[in-house]
Amino acid sequence: MVRRAIRTDRLIAVLGVVVIVLGALAIWFVTRGSGGGFTEEPTSRRVLRQAREQLGRTAEVQLIEPGRGRVVCGYIADDRGGRAVGFISRPNRMLLSEDPLNGEFRAMIASDCPGFPEPPAMRAVP
């Protein structure tokens, strides 16, 4: 009977050490700087990527204004000096002012980017 209690005590101690070591390793992986955790794409890069997905590889970002939270608003064009199109960018979605959901676009502008400026004037391409 005594012999069995010693084995159980040893097992509990060994499992406790294993849990502590695994916890320390998990904390180390999460907190180390090089690729250990999730890093969010910079806003300007995200907007350019989304613009190129929507308008093609020649798309250009003309203006970015911060909104509420991770939302940004602004203007993009399909090529250098092209007609400005308003956008609202969230991490996983970009909505354009010329999309069929224009009512949704206006509602999102009013709630997420209340100080959204008018489109920039067309400029001549040199």
**Item:** side chain to side chain contact (heavy atoms under 4.5 Å, CB included) involving Asp99 - partner list, sequence neighbours excluded
**Value:** Leu95, Leu96

**Asked** Would you say Ser89's side chain and Val47's backbone share a donor-acceptor pair under 3.5 angstrom?
**Response** no

**Message:** Starting from Ile20 and following side-chain heavy-atom contacts under 4.5 Å between hydrophobic residues (I, L, V, M, F, W, Y), which residues can be reached?
**Reply:** none

**Request:** Kindly work out whether a path of hydrophobic side-chain contacts (I/L/V/M/F/W/Y, heavy atoms less than 4.5 Å apart) joins Leu25 to Val17.
**Result:** yes

**Message:** Is any side-chain heavy atom of Arg90 closer than 4.5 Å to one of Asp112?
**Reply:** yes

**Message:** With a 4.5 Å cut-off on side-chain heavy atoms, are Thr8 and Arg10 touching?
**Reply:** no

**Prompt:** Looking only at heavy atoms, which two atoms of Leu55 and Ala59 are closest? And how far apart?
**Reply:** CB-CB, 4.0 Å

**Item:** Least distance between heavy atoms, Pro66 atom then Val72 atom
**Value:** CA-CG1, 4.2 Å

**Request:** Group every Ile, Leu, Val, Met, Phe, Trp and Tyr by side-chain heavy-atom contacts under 4.5 Å, then state whether Phe87 and Val71 land in the same group.
**Result:** no

**Message:** Angle between ring planes, Tyr75 versus Phe116, binned at 30° and 60°: parallel, tilted or perpendicular?
**Reply:** parallel

**Request:** Would you mind telling me which of Arg45, Glu41, Arg46 makes a side chain to side chain contact (heavy atoms under 4.5 Å, CB included) with Thr43?
**Result:** Arg46

**Asked** Can you hop from Met108 to Ile64 via hydrophobic side chains spaced under 4.5 Å?
**Response** no

**Smallest separation among heavy atoms of Arg68 and Pro114, with atom names** = NH2-CG, 3.9 Å

**Item:** Check against side-chain contact (heavy atoms from CB on, under 4.5 Å), Ile76 and Met94
**Value:** CA-CA 11 Å; Ile76 57 176; Met94 177 180 267; 4.0 Å; yes

**Item:** disulfide bond (SG atoms under 2.5 Å apart) pairs, two or more places apart, involving residues 55-116
**Value:** Cys73-Cys113

**Complete:** Note: Ala77 and Gln62 closest approach over all heavy atoms is CB-NE2, 3.3 Å

**Message:** With heavy-atom distances below 4.5 Å as the criterion, would you say the side chains of Arg83 and Val85 are in contact?
**Reply:** yes

**Asked** Would Val61 end up clustered with Ile109 when hydrophobic side chains under 4.5 Å apart are linked, directly or stepwise?
**Response** no

**Arg93 side chain near Gln50 side chain, heavy-atom distance below 4.5 Å** = no

**Message:** Does Asp9 form a side-chain contact (heavy atoms from CB on, under 4.5 Å) with Arg7? I'd like the steps, not just the answer.
**Reply:** CA-CA 5 Å; Asp9 290 344; Arg7 287 185 183 171; over 6 Å; no

